[in-house]
Amino acid sequence: MIGQAPEGAQDNALTVLNTLEVKGRAPKTGYSRDQFGAAWADVDRNGCDTRNDILNRDLTGKTYKANTHDCVVASGVLQDPYTGTRIDFVRGQDTSTAVQIDHVVALSDAWQKGAQQLTEDERRSLANDPYNLLAVDGPSNQRKSDGDAATWLPANTGFRCEYVARQIGVKQKYRLWVTQAEHDAMANVLATCPAQTIPTDGGVATTVQPEQQPAQTVEPQPTQEAPEPQPTQEAQPAPQPVQQDTTVYYKNCAAVRAAGKAPLHQGEPGYSSKLDRDGDGIACE
């Protein structure tokens, strides 16, 4: 069921890894985002799409867009698991992409490792399952693309064990396989944390790495001494607007989906503000 952990939750991650089938990638032929249903559908019928469900789950200090019944997140704070840094999220055409929703097991990767044999409902479930979704640093998500553990791991080394264990849990839950290179990469990560278990829920508890925290006022904890004053950091320059590639043009979202490019993020070829109805930097959701 959507949102539930796999049957192997709390089992040793390396043990579960060794139960997964190991075989080569299937051809990517026939893959498109539409094979996994409409992007960010309201699959749990709570009146809120999957993207905002995950922002609601993973961000703190949230505010909401007016008249959305606390569904559409307007701002909040993400303690990003992929970089170990704090990200202040503000919804808008030029800012929403700072936080993106990552499929821990990428849909293209899943397609090449068993998802072609899943039913349409199972693929739709995989694409919207909170267990396979995390709010993360946008640039990290873009660099990951559809990579598996053999080609991409989070820069935050302290999160790699849980990240790999979650991928294993997803692949067990949806009967997906791993390649030999992927298996070996996962095993190498888990060798550093042999007691790592399969995660039991959809979210993660991530602490910002102290050396990467921006200068700010921190509420003292009752059982800890007050931290020594930190030197004032120089203000960072404002982000520059993303330059759009105008060589690719789509008439409408139907054309985007037909090309297998939905959803489009700001900065990607073919993105247009005319296709981004809510101005969050993600078109044809």
Side-chain angles (χ1 to χ4, degrees), residues 1-4 32-78 80-81 87 89-108 110 115 118 120-138 141-142 166 170 173-174 201-204 250 252-268 270-285:
M1 296 294 293
I2 293 174
Q4 292 183 348
S32 73
R33 177 60 178 80
D34 288 344
Q35 294 282 4
F36 293 83
W40 308 136
D42 180 13
V43 293
D44 57 4
R45 301 181 184 277
N46 69 345
C48 194
D49 63 84
T50 302
R51 171 180 165 78
N52 279 293
D53 280 341
I54 301 304
L55 290 175
N56 262 304
R57 184 194 69 189
D58 291 354
L59 270 60
T60 59
K62 300 177 290 288
T63 64
Y64 299 90
K65 188 175 179 179
N67 302 317
T68 64
H69 303 287
D70 287 354
C71 167
V72 178
V73 178
S75 66
V77 175
L78 174 69
D80 175 46
I87 300 175
F89 171 78
V90 178
R91 185 182 185 87
Q93 182 172 327
D94 297 327
T95 56
S96 285
T97 54
V99 173
Q100 297 178 15
I101 308 303
D102 181 41
H103 288 96
V104 179
V105 173
L107 301 185
S108 174
L118 299 180
E120 291 183 8
D121 285 345
E122 287 174 324
R123 288 198 295 269
R124 185 168 178 260
S125 175
L126 170 60
N128 291 278
D129 189 342
Y131 191 76
N132 189 36
L133 297 171
L134 293 176
V136 300
D137 170 60
N141 186 40
Q142 295 295 102
R166 186 172 295 274
V170 171
K173 182 175 182 179
Y174 289 94
D201 56 37
V204 296
Y250 296 108
N252 50 40
C253 284
V256 176
R257 296 189 179 97
K261 299 298 183 181
L264 279 173
H265 295 85
Q266 185 178 13
E268 294 180 343
Y271 171 88
S272 168
S273 60
K274 294 180 180 180
L275 302 176
D276 187 359
R277 294 183 179 179
D278 55 6
D280 66 350
I282 303 176
C284 303
E285 300 176 66

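Basis for what follows: all heavy atoms, side chains included, without hydrogens, waters or symmetry-related copies. These numbers were taken from a predicted model, which means no experiment stands behind them.
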Let me confirm one number: the [atom1]-[atom2] distance from [X] to [Y], rounded to the nearest 0.5 Å.
X	Y	atom1	atom2	value
H69	N67	NE2	CG	7.5 Å
I87	T95	CD1	OG1	12.5 Å
C71	N56	SG	CG	7.0 Å

For residues [X] and [Y], report the shortest heavy-atom separation together with the two atoms involved.
X	Y	result
A110	V105	CB-CG1, 4.2 Å
V73	R91	O-CD, 3.5 Å
S96	R51	O-NH2, 3.9 Å
P81	A135	CD-O, 3.8 Å

| query | Among D53, L55, L134, T50, which one satisfies side chain to side chain contact (heavy atoms under 4.5 Å, CB included) with I101? | reply |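 So the option named by the test is L55.
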For [X] and [Y], indicate whether the former's side chain and the latter's backbone hold a donor-acceptor pair under 3.5 Å.
X	Y	answer
D80	V136	no
R166	Y131	yes
N141	Q100	no
R57	P130	yes
D34	G37	no
H103	A127	yes

Check whether any side-chain heavy atom of [X] lies under 4.5 Å from a side-chain heavy atom of [Y], and answer yes or no.
X	Y	value
L126	V170	yes
Y64	N52	no
V43	S125	no

| field | W40 and N128: CA distance, side-chain angles, deciding distance, side chain to side chain contact (heavy atoms under 4.5 Å, CB included) verdict | value | CA-CA 7 Å; W40 308 136; N128 291 278; 4.3 Å; yes
| message | I'd like to know if the side chain of Y174 pairs up with that of D129 as donor and acceptor (distance under 3.5 Å, no hydrogens or angles considered). | response |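 Distance-only check passes for Y174 and D129.
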